[in-house]
Every structure is written in C-alpha cells, then in structure tokens.
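If you read the sequence from its start, that first residue is 1, and numbering goes on from there. Since we're looking at a predicted model, the values are computed, not measured.
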Amino acid sequence: MEGTHSTAIDDYVKSVYKLVEQHGTATTSRLALRLGVSASSVSGMVRKLSDLGLVEHRPYAGVTLTEEGRRHALSMLRRQRLLETFLVQELGYGWDEVQDEAEVLEHYVSTTFLERIDARMGHPVVDPHGDPIPDESGRTVEQRARQLSTLEADERGRLVRVDDDDPALLRHLKERGFALGIDVRMRGRHPFGGSFVVSVDSDDEEHLLGPELAAAMWLDVSA
C-alpha cells in the first residue's frame, strides 16, 4: 500500500470533501451518518485530523479541509474513480456494483498500476456516475450541472451525474431506465413536498421521482 495515512483517515477526508461538494458543509452529524459511526467517534477522528493538519473544525461552522487535506482527498478520489471506471469499462461491472470494490482496492493498488489503467482507458475525465476524475495535479473538469430538484417546470437538461452514495438508489434508477446522457424534462411537482414529475428523451410518459432521487440527479441545462 502506498501513502502515509490509514484507511480511516483516507475515508474521512474523502467524506468531508464530498459532503462540502453536495451540501456546502460537512457537519459531524452528516459525517456520522455517511460513515455509519457514532457522533463521538467522528468527534475523536476530527480532532486527530485537525492535529494532522488535514481539517479545520469551528463550532457551529462544520468541518472544512485544509489545503493539504484537500490535496489528499483529491488524490484518494482519483484512485476511487479511476478504479470504478476500470471495473465498469474493462470488467463489466454495473454502476451500482463498483463503489464497495473500488473503496477496498484504492488503498492497496500502486501508483504505477493506477497510472497504467488511466492510460489504458484513454485518461477519462469522469467516472461511471459522472463524477469528475482529478488528474495527477488534482485538477478536474468544470461541470455546469444543477440538481434536478432545483429545476422549474418545463426546464430540461442532460443527465450528467448521479450521486453514488447508495447502490440501492443506483439500482433503482437503472431499473427505471435512467442513465447518463438521457434528456430529462421537468414537468412539475406534486404539492406539499410531493414527488417530482419528469419525462425522458422527448417521451410523453411521465415518471415520478421522490425528493431524494431528484436531489441525487444532476443535469447540464446549458444546451
């Protein structure tokens, strides 16, 4: 295994990065829920990460990555997302099957192996869920995407990214025919916080998506 940090530290810095990306902040309660641990365990690890110079934690302001922490998170995300892409493109995995496999492998494959699969696949810039793959310097392609749940009636866009935290959610979308690249039109929403009503690829058939599903789907509405 290459690197200087434990797998737990790797997972924490990645989780902070993803939570800030998705929600704008990483609270201890969200970290506990995401990682499946107690709030007290999170508090102890956050103190350790702070001592290592990887995060900053201000009361009531959440946890943020330092520049060193951000570099480490991007390095680990590069590993995970390249491996997920390799598993789908080269080994035939489904997009709902790769997360657990990649999160084990990412801690043990060498940098040489990683760079060789990157080259073999033609240096992909997004993974099977549309998440940007950082390059060796930590740079990612800019994505102009909005959550489906933020669209107004009659707005539309191309599905370019799906949050990959829950394999069951990905399986559900796959079974209903949703995949990256399809065109999605917002038709409206049922009242009182109900389901979103959408259509796909200019088809008049309506699909109902709950708030959790709609928030997990990201559309490029620039076209």
Side-chain angles (χ1 to χ4, degrees), residues 11 14-37 39 42 62-63 77 80-81 84-85 87-88 93-103 125-133 140-223:
D11 291 341
K14 279 198 313 176
S15 294
V16 172
Y17 183 94
K18 288 182 177 181
L19 285 171
V20 171
E21 185 180 43
Q22 293 171 357
H23 303 286
T25 182
T27 63
T28 55
S29 59
R30 279 179 172 155
L31 280 167
L33 182 63
R34 184 183 186 91
L35 292 163
V37 298
V42 171
V63 182
L77 286 170
Q80 178 185 343
R81 291 171 180 174
E84 288 181 351
T85 306
L87 290 170
V88 169
Y93 279 66
W95 72 349
D96 57 311
E97 300 175 311
V98 293
Q99 184 177 24
D100 289 344
E101 293 274 23
E103 288 191 342
V125 296
V126 295
D127 74 5
H129 313 105
D131 292 322
I133 301 174
T140 59
V141 293
E142 181 181 359
Q143 289 187 313
R144 297 180 180 178
R146 288 170 53 192
Q147 286 172 297
L148 176 59
S149 56
T150 69
L151 268 61
E152 301 291 337
D154 288 326
E155 284 193 292
R156 66 195 311 146
R158 181 169 55 90
L159 183 62
V160 294
R161 188 176 185 182
V162 177
D163 293 341
D164 62 351
D165 301 329
D166 185 355
L169 182 150
L170 293 168
R171 281 193 295 274
H172 181 71
L173 287 174
K174 181 180 178 181
E175 289 165 358
R176 297 181 65 180
F178 286 89
L180 298 187
I182 63 172
D183 184 74
V184 181
R185 176 188 171 196
M186 176 64 73
R187 306 293 290 269
R189 186 178 186 183
H190 289 179
F192 309 113
S195 296
F196 293 87
V197 184
V198 304
S199 58
V200 175
D201 283 341
S202 301
D203 192 334
D204 289 332
E205 181 183 358
E206 294 183 345
H207 300 265
L208 299 181
L209 301 176
E212 183 180 359
L213 277 176
M217 301 168 69
W218 297 76
L219 304 181
D220 179 355
V221 298
S222 61

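When the options Asp201, Leu159, Val200 are evaluated for a side-chain contact (heavy atoms from CB on, under 4.5 Å) with Asp183, the one that passes is Asp201.
When all heavy atoms are compared, the tightest approach of Arg158 to Gly181 is CG-O, 3.6 Å. Contact detail for Ala179 and Ile182: the closest heavy-atom pair is O-CG1, 3.2 Å. Here the closest heavy-atom approach between residue Asp166 and residue Ala168 is recorded as OD1-N, 2.9 Å. For the pair Leu87 and Ala102, the tightest heavy-atom approach, listed with the atom from each and the gap, is CD1-N, 4.2 Å. Closest of all the heavy-atom pairs between Leu213 and His172 is CD1-CD2, 3.6 Å. Listed here is the closest heavy atom pair of Gly130 and Leu180: N-CD1, 3.5 Å.
Proximity of Arg34 to Gln22: side-chain heavy atoms (C-beta onward) are separated by under 4.5 Å at one or more points. In this structure, Glu155 and Val221 have side chains that are not in contact, with every pair of non-hydrogen atoms separated by 4.5 Å or more. Using a 4.5 Å heavy-atom threshold, the side chains of Thr25 and Val20 count as separate. Looking only at side-chain heavy atoms (C-beta outward), Pro132 and Arg81 come within less than 4.5 Å of each other. A 4.5 Å side-chain heavy-atom check between Val162 and Leu169 finds at least one atom pair inside the cut-off. Looking at heavy atoms from C-beta onward, Met217 lies out of side-chain contact with Val198 at the 4.5 angstrom threshold. Two residues are said to be in side-chain contact when any heavy atoms from C-beta on lie closer than 4.5 Å; Trp218 and Gln143 fail this criterion. Pro211 places a side-chain heavy atom less than 4.5 Å from the side chain of Arg189.
We find the OG-CD distance between Ser149 and Glu212 to be 11.5 Å, quoted to the nearest 0.5 Å. With rounding to the nearest 0.5 angstrom, the CG atom of Leu35 is 8.0 Å from the CG atom of Leu19. Rounding to the nearest 0.5 Å gives a distance of 11.0 Å between CZ of Arg146 and CG of Asp220. The NE2 atom of His207 sits 12.5 Å away from the CZ atom of Arg185 when rounded to the nearest 0.5 Å. Rounding to the nearest 0.5 Å places CD of Glu84 at 9.5 Å from CG of Asp100.
Note: Trp95 and His129 have parallel aromatic rings, judged against thresholds of 30 and 60 degrees for the angle between ring planes.
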Item to complete: Test Lys18 against Asp164 for side chain to side chain contact (heavy atoms under 4.5 Å, CB included), laying out the working first.
Response: CA-CA 11 Å; Lys18 288 182 177 181; Asp164 62 351; 4.3 Å; yes
Discussion item. Pair Phe196, Leu148 - check side chain to side chain contact (heavy atoms under 4.5 Å, CB included), show working.
Written reply: CA-CA 9 Å; Phe196 293 87; Leu148 176 59; 5.7 Å; no
Worksheet item: Under the side chain to side chain contact (heavy atoms under 4.5 Å, CB included) criterion, do Asp131 and Gln80 qualify, and how do the steps go?
Response: CA-CA 11 Å; Asp131 292 322; Gln80 178 185 343; over 6 Å; no
Discussion item. Checking Val197 against Leu208 for the side chain to side chain contact (heavy atoms under 4.5 Å, CB included) test, could you report, in this order, the C-alpha distance in whole Å, the side-chain angles of both residues, the deciding distance, and whether it holds?
Written reply: CA-CA 5 Å; Val197 184; Leu208 299 181; 3.6 Å; yes
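Crowding of Arg144 atom CZ: a count of heavy atoms from other residues, nucleotides or ligands under 6.0 Å not exceeding 12.
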